[in-house]
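A note on names: the letters A, B, ... follow the listed sequences, proteins ahead of strands, and every chain is numbered from 1. Just so we're clear, the structure is a prediction, and the values are computed from it rather than from any experiment.
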Amino acid sequence: NAGVTQTPKFRVLKTGQSMTLLCAQDMNHEYMYWYRQDPGMGLRLIHYSVGEGTTAKGEVPDGYNVSRLKKQNFLLGLESAAPSQTSVYFCASGDKSYEQYFGPGTRLTVT
Amino acid sequence: KQEVTQIPAALSVPEGENLVLNCSFTDSAIYNLQWFRQDPGKGLTSLLLIQSSQREQTSGRLNASLDKSSGRSTLYIAASQPGDSATYLCAVSGSTSGSRLTFGEGTQLTVNP
């Protein structure tokens with residue numbers, strides 16, 4: 001069991017570039033989440049999904065899009081990166097008990 | 001809007017000491033509360049999950065309690081070790097927010113040998 005994996009681990013983007021972060025889980029969980037973690041702001045929910053084919057906005061969704069075409073994968077897209085999106089991004093998955101399991105994170109720098 | 005506060009923000013103790021980390025939340029209508037550990041540069045590791053109907057959960061040297069009516073939880077760590085050094089995060093899921101978690105900013109714990 002790999003649990004929750006995230007690709008890539010690190011990335012540097014220039015302002016205006018686009019990229020997709022991939023999250024994969026092998027625990028057959030229904031729920032998946034994308035968070036960002038910033039100093040002094042804690043962890044904040046960007047988008048989440050309660051099942052394959054569904055997505056919903058979290059606390060800070062602007063500038064991001066997501067897709068959940070397969071149950072095991074949850075993709076986070078940045079269409080036009082901005083320096084304010086420099087952060088550490090965490091993916092998590094969860095079961096019906098609502099306990100969440102986190103991936104190792106992606107450290108993104110936008111210059 | 002749910003707000004989660006953790007006090008203290010940082011704590012430094014000698015090895016072997018028993019310690020308590022505090023978490024408070026403003027809306028008592030929660031579904032569950034989860035305690036996590038985060039090592040520098042790493043993801044979050046789930047330590048304990050307490051359902052709203054429960055009063056406490058134990059795992060090894062860790063014990064978490066929940067007082068929903070007063071909006072408080074504590075994480076008790078017995079006989080602390082240098083390997084316990086990490087940031088400890090508390091998060092709640094609300095009865096109206098479903099599975100979504102609201103996090104506190106964490107307590108950074110250092111256990112000195």
Side-chain angles (χ1 to χ4, degrees), chain A residues 2-7 9-10 21 23-25 27 29-51 54-61 66 68 74 87-109, chain B residues 1-7 9-10 21 23-27 29-54 57 59 62 64 66 73 86-108:
Chain A
V4 179
T5 58
Q6 292 183 233
T7 309
K9 290 185 169 50
F10 303 93
L21 282 66
C23 176
Q25 54 96 3
M27 296 174 281
H29 285 164
E30 289 293 332
Y31 304 99
M32 295 188 76
Y33 313 84
W34 276 107
Y35 295 90
R36 60 178 290 174
Q37 186 176 38
D38 303 288
M41 304 290 287
L43 274 142
R44 293 178 292 169
L45 182 66
I46 305 171
H47 285 281
Y48 65 104
S49 168
V50 299
T54 75
T55 63
K57 294 180 181 180
E59 186 183 351
V60 289
V66 287
R68 182 115 181 256
F74 196 28
S87 187
V88 182
Y89 291 86
F90 288 102
C91 175
S93 70
D95 55 24
K96 288 190 181 349
S97 75
Y98 293 170
E99 184 168 8
Q100 293 190 20
Y101 301 85
F102 280 72
T106 294
R107 190 172 296 273
L108 175 66
T109 302
Chain B
K1 180 187 169 188
Q2 178 75 270
E3 291 182 4
V4 180
T5 303
Q6 292 187 247
I7 295 173
L21 307 181
C23 171
S24 61
F25 44 95
T26 54
D27 184 352
I30 65 168
Y31 187 80
N32 64 31
L33 183 144
Q34 209 167 343
W35 281 94
F36 295 89
R37 168 189 172 131
Q38 185 176 27
D39 293 289
K42 304 290 186 185
L44 280 68
T45 300
S46 179
L47 297 174
L48 290 163
L49 172 74
I50 312 178
Q51 301 290 354
S52 62
S53 58
Q54 297 175 318
Q57 282 284 351
S59 175
L62 304 179
L66 175 64
S73 176
T87 296
Y88 291 80
L89 294 154
C90 160
V92 297
S93 67
S95 58
T96 56
S97 64
S99 65
R100 290 170 285 164
L101 287 175
T102 302
F103 281 84
E105 289 200 41
T107 294
Q108 186 174 352

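By number of non-hydrogen pairs under 4.5 angstrom with chain A, the leading residue of Gly43(B), Gly106(B), Ala91(B) is Gly43(B). Of the residues considered (Phe102(A), Tyr35(A), Tyr33(A)), Phe102(A) shows the highest number of contacts with chain B, using heavy-atom pairs under 4.5 Å.
Heavy atoms from other residues, nucleotides or ligands lying under 6.0 Å from CE of Met27(A) number more than 12. Counting heavy atoms of neighbouring residues, nucleotides and ligands inside a 6.0 Å radius, atom CD of Gln2(B) exceeds 12 of them.
Between Arg100(B) and Gln100(A) the shortest side-chain heavy-atom distance does not fall below 4.5 Å. Side-chain contact between Phe90(A) and Gln38(B) is present, with at least one heavy-atom pair separated by less than 4.5 Å. Leu43(A) is listed as a side-chain neighbour of Leu89(B), based on a closest heavy-atom distance under 4.5 Å. Lys42(B) is not listed as a side-chain neighbour of Pro104(A), based on a closest heavy-atom distance of 4.5 Å or more.
Proximity to chain B is absent for every atom of Gln6(A), based on heavy atoms less than 4.5 angstrom apart. In this structure, no portion of Arg44(A) lies under 4.5 Å from any heavy atom of chain B. Neither the backbone nor the side chain of Gln6(B) comes within contact range of chain A; no heavy atoms are under 4.5 Å apart. At a 4.5 Å heavy-atom cutoff, Tyr101(A) makes no contact with chain B through either its backbone or its side chain.
Between Tyr98(A) and Tyr31(B), the ring planes are tilted. Angles from 30° to 60° get that label.
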